Structure formats: C-alpha cells, structure tokens
Amino acid sequence: MHGPRNIEVVKIKSRQITIRWEPFGYNVTRCHSFNLTAQYRYAVGGQEHVGEEVCQDTGHIQPQYTLHGLPPYTNVSVKLVLMNSEGRKESDELVIQTDEDVPGAIPIDSVQGSTFEEKIYLQWKEPTETFGIITLYEKVPLLIIAYIGTYGLMISFT
C-alpha cells in the first residue's frame, strides 16, 4: 500500500483551498474499507490551529477535496492520510498561502482629523485584521477606501 500521490492545489481562495490527488489503485481499495483524511495546520496571531477532515467520495477519476473556513492571507500546511486494515500512509505535505481578502474595520477610536479652509486632514491606524498588504487608501466624498490587491474596504465618515 502507498499513500496519496501527486497531491496538488487546484484552487486557492481567501478562506478555502481545494486539493487534488492521484486516484487510488485497486491494491489500496480491494477488499478493504479505507479512510482518507485531510490534516491541516496554520498559525494566526502566534497561536497554532490544527484540524482534520474526512474526505468523502474519494473514488472519482480525479478526486479532490476543499478545506473551508481558513483564515485569509495565511500559510496553511496540508497533508492527506490514508488508513486501511494494512496500516497508515501519509502524502507529502504542501504549504499553501490563502488569498488576500477585504481588510477588517479600522479602530474607530484611532480616527483623528483636522479641518482647514480647503482641505481635511485625516489620520487613523491600520485595520486590526489586514488580511493582506494594504497598498492604497482612496478617499471619496465622506468615505475612505482601503485597498488590498483588488479588494476594497469602505469606511464611512459622517
């Protein structure tokens, strides 16, 4: 028996990752019930999170599985574990970074401003959860928009 082979990333989003692997041969599935789990781990704010999910419908021609509920802009380590009556085998581990996402809210108490005859001066701290690298803040009437890649966060001022 061998473990899952040729594990690869099919799709990456800000809060989910889809992986695919080579279908199991007859020698793995014959006369055996088997279990395939996706084990993953990541760290957010210095705290490590570990999870394990059972992969269903692994008998397809191109089996794949999607992990949901992951944090944006985070490195996630993923491996597949195959278990049957003959034992346990693991795939190679992949490290995948989830995509960026819309940043969280800025701390409202950090907003400071001054008005002048022809301009307004605003200052604030970055969002507590950036979910990426903020590359631009854009001001439109009564709004400030923070951009990460192609995502924008509107912050309203009245």
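Position 1 is the first residue of the sequence; numbering continues from there. Everything numeric here is computed off the predicted structure, so don't read it as measured data.
- Between Ile7 atom CD1 and Glu90 atom CD the span is 11.0 Å, to the nearest 0.5 Å.
- With rounding to the nearest 0.5 Å, the separation of OG1 in Thr74 from CG in Asp99 is 11.0 Å.
- No path of Ile, Leu, Val, Met, Phe, Trp and Tyr side chains, each step under 4.5 Å between heavy atoms, connects Val50 with Tyr40, placing them in separate hydrophobic clusters.
- A heavy-atom distance below 4.5 Å is not found between the side chains of Pro63 and Leu36.
- When each of Thr37, Thr66, Leu67 is checked for a side chain to side chain contact (heavy atoms under 4.5 Å, CB included) with Glu53, only Leu67 meets the rule.
- Note that CD of Gln39 and CD of Glu52 are 4.5 Å apart. Values are rounded to the nearest 0.5 Å.
- In this structure, Pro4 and Lys89 approach most closely via the heavy-atom pair CD-O, 3.9 Å.
- Residues Tyr42 and Asn75 share a closest heavy-atom pair of CB-O, 3.3 Å.
- The shortest heavy-atom contact between Phe131 and Val102 is CD1-O, 3.1 Å.
- Thr128 and Pro107 make their closest contact through CG2-CG, 4.2 Å (heavy atoms, listed as atom of the first residue, atom of the second, distance).
- Counting only heavy atoms from C-beta outward, the side chains of Leu80 and Tyr65 never approach each other to under 4.5 Å.
- The shortest non-hydrogen separation linking Pro71 to Val44 is CG-CG2, 3.7 Å.
- Here Thr130 contributes atom OG1 and Asp101 contributes atom CG; the two are 11.0 Å apart, rounded to the nearest 0.5 Å.
- Interatomic distance, Glu22 CD to Ser91 OG, rounded to the nearest 0.5 Å: 12.0 Å.
- Ring planes of Trp21 and Phe24: tilted class, angle from 30 to 60°.
- Annotation: the span from Arg41 atom CZ to Lys79 atom NZ amounts to 7.5 Å, rounded to 0.5 Å.
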Trace of the side chain to side chain contact (heavy atoms under 4.5 Å, CB included) decision for Gln97 with Tyr73
CA-CA 6 Å; Gln97 184 178 50; Tyr73 202 62; 3.8 Å; yes
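- A heavy-atom distance below 4.5 Å is found between the side chains of Pro72 and Arg15.
- Contact of the Glu8 side chain with the Asn6 side chain is not registered, since no non-hydrogen atoms from C-beta on lie closer than 4.5 Å.
- Other residues, nucleotides and ligands contribute at most 12 non-hydrogen atoms within 6.0 Å of the CG atom of Asp92.
- Side-chain atoms of Thr98 and Ser14, non-hydrogen and from C-beta on, never get closer than 4.5 Å to each other.
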